[in-house]
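To start, the structure under review is shown below, and the notes come after it.
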Amino acid sequence: MKVVAVTSCATGIAHTYMAAEAIKKICKERGYECKVEMQGALGIENQLKESDIKNADLIVFANDVGVSKSERFNAYKSKIKQTKPHAVIKDPSIIFE
């Protein structure tokens, strides 16, 4: 399974990165490929490529604020799981529910 994610929080500092790490950790535990784009105080880090998005089986949005450049995901709305950074930090398995 290939998972891509976009994380961001209101301040763009702690929860953005904590959510990214939680997603990466659970994917690694399950043997899934994973790439996470972080949209934080430093701007967009580890920006997902079009091929990453297209080939993903699951797209996770863990955001408290809007996703920058969200039009990249318009053709793949059926693959998107929306959650909040705090929720995914608390229980990363929710992305697979």
Side-chain angles (χ1 to χ4, degrees):
M1 177 179 243
K2 293 180 182 182
V3 178
V4 297
V6 179
T7 63
S8 62
C9 65
T11 59
I13 304 174
H15 287 98
T16 298
Y17 300 97
M18 291 167 63
E21 289 306 313
I23 292 167
K24 287 188 246 182
K25 182 179 178 186
I26 194 140
C27 287
K28 184 176 181 180
E29 288 172 1
R30 294 183 180 211
Y32 299 158
E33 289 182 43
C34 181
K35 291 187 179 182
V36 182
E37 174 178 304
M38 294 150 293
Q39 298 184 355
L42 299 175
I44 296 176
E45 298 175 70
N46 199 32
Q47 185 167 340
L48 297 170
K49 298 175 185 164
E50 178 63 32
S51 61
D52 297 328
I53 298 165
K54 179 181 178 182
N55 296 321
D57 297 301
L58 174 63
I59 300 168
V60 178
F61 285 173
N63 313 94
D64 284 329
V65 295
V67 174
S68 295
K69 301 183 180 182
S70 62
E71 65 279 356
R72 300 175 288 163
F73 302 93
N74 287 345
Y76 311 102
K77 290 184 179 187
S78 64
K79 298 181 184 183
I80 296 174
K81 167 73 176 182
Q82 179 72 53
T83 187
K84 298 288 184 185
H86 179 75
V88 82
I89 293 164
K90 186 176 176 184
D91 180 12
S93 68
I94 64 168
I95 66 173
F96 301 113
E97 293 175 359

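Just so it is clear, the model here is predicted, and its values are computed rather than measured.
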Distance-minimising heavy-atom pair for [X] and [Y]:
X: I23; Y: A5; value: CD1-CB, 3.9 Å
X: A10; Y: D64; value: N-CB, 3.8 Å
X: A56; Y: I59; value: CB-CG1, 4.1 Å

Sorted by first residue and then second, give each side-chain hydrogen bond (donor to acceptor under 3.5 Å, both in side chains) pair with at least one member in residues 13-22; sequence neighbours left out.
->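 Pairs touching residues 13-22 that pass the test: Y17-E45, E21-K24.
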
side-chain hydrogen bond (donor to acceptor under 3.5 Å, both in side chains) pairs, two or more places apart, involving residues 3-12:
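side-chain hydrogen bond (donor to acceptor under 3.5 Å, both in side chains) check on residues 3-12 returns S8-N63.
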
Ignoring hydrogens and angles, write down the donor-acceptor pairs under 3.5 Å from the side chains of residues 87-97, residues two or more places apart or on other chains.
{"from": "D91", "atom 1": "OD1", "to": "S93", "atom 2": "N", "distance (Å)": "3.3"}
{"from": "D91", "atom 1": "OD1", "to": "S93", "atom 2": "OG", "distance (Å)": "2.6"}
{"from": "D91", "atom 1": "OD2", "to": "S93", "atom 2": "OG", "distance (Å)": "3.4"}

task: Please name all residues satisfying ring pair (Phe, Tyr, Trp, His ring centres under 6.0 Å) with Y76, sequence neighbours left out, ordered by chain then number.
output: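 Here no residue qualifies.
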
From NE2 (H86) to SG (C9), nearest 0.5 Å: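 Going from NE2 on H86 over to SG on C9, the span is 12.5 Å.
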
- [ ] Start with the C-alpha distance between E33 and V3, add both sets of side-chain angles, then the distance that settles side-chain contact (heavy atoms from CB on, under 4.5 Å), and finish with yes or no.
- [x] CA-CA 6 Å; E33 289 182 43; V3 178; over 6 Å; no

Do [X] and [Y] share a hydrophobic cluster, counting only Ile, Leu, Val, Met, Phe, Trp and Tyr and linking them when any side-chain heavy atoms are less than 4.5 Å apart?
X: I80; Y: V60; value: no
X: V4; Y: L58; value: no
X: L42; Y: I44; value: no
X: M38; Y: L48; value: no
X: V36; Y: I53; value: no

Check: residues 65-73 side-chain donor-acceptor pairs under 3.5 Å, at least two apart:
{"from": "R72", "atom 1": "NE", "to": "K69", "atom 2": "O", "distance (Å)": "2.9"}
{"from": "R72", "atom 1": "NH1", "to": "E37", "atom 2": "OE1", "distance (Å)": "2.9"}
{"from": "R72", "atom 1": "NH2", "to": "E37", "atom 2": "OE1", "distance (Å)": "3.4"}
{"from": "R72", "atom 1": "NH2", "to": "E37", "atom 2": "OE2", "distance (Å)": "2.8"}
{"from": "R72", "atom 1": "NH2", "to": "S68", "atom 2": "O", "distance (Å)": "3.3"}

Closer than 3.5 angstrom, by distance alone: can the side chain of K79 be matched with the main-chain N or O of K54 as a donor-acceptor pair?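 Checking the backbone N and O of K54 against the side chain of K79, a donor-acceptor pair under 3.5 Å is found.
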
side-chain contact (heavy atoms from CB on, under 4.5 Å) involving D57 - partner list, sequence neighbours excluded
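Residues passing side-chain contact (heavy atoms from CB on, under 4.5 Å) with D57: M1, K2.
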
task = Check side-chain contact (heavy atoms from CB on, under 4.5 Å) between K49 and all other residues, then give those that pass, not counting sequence neighbours.
result =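 For K49 the side-chain contact (heavy atoms from CB on, under 4.5 Å) partners, ignoring immediate neighbours, are S51, D52.
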
query = Considering only heavy atoms from C-beta outward, does the side chain of V6 approach that of Q39 to under 4.5 Å?
reply =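 When only atoms from C-beta onward are counted, Q39 and V6 do touch, with a gap below 4.5 Å.
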
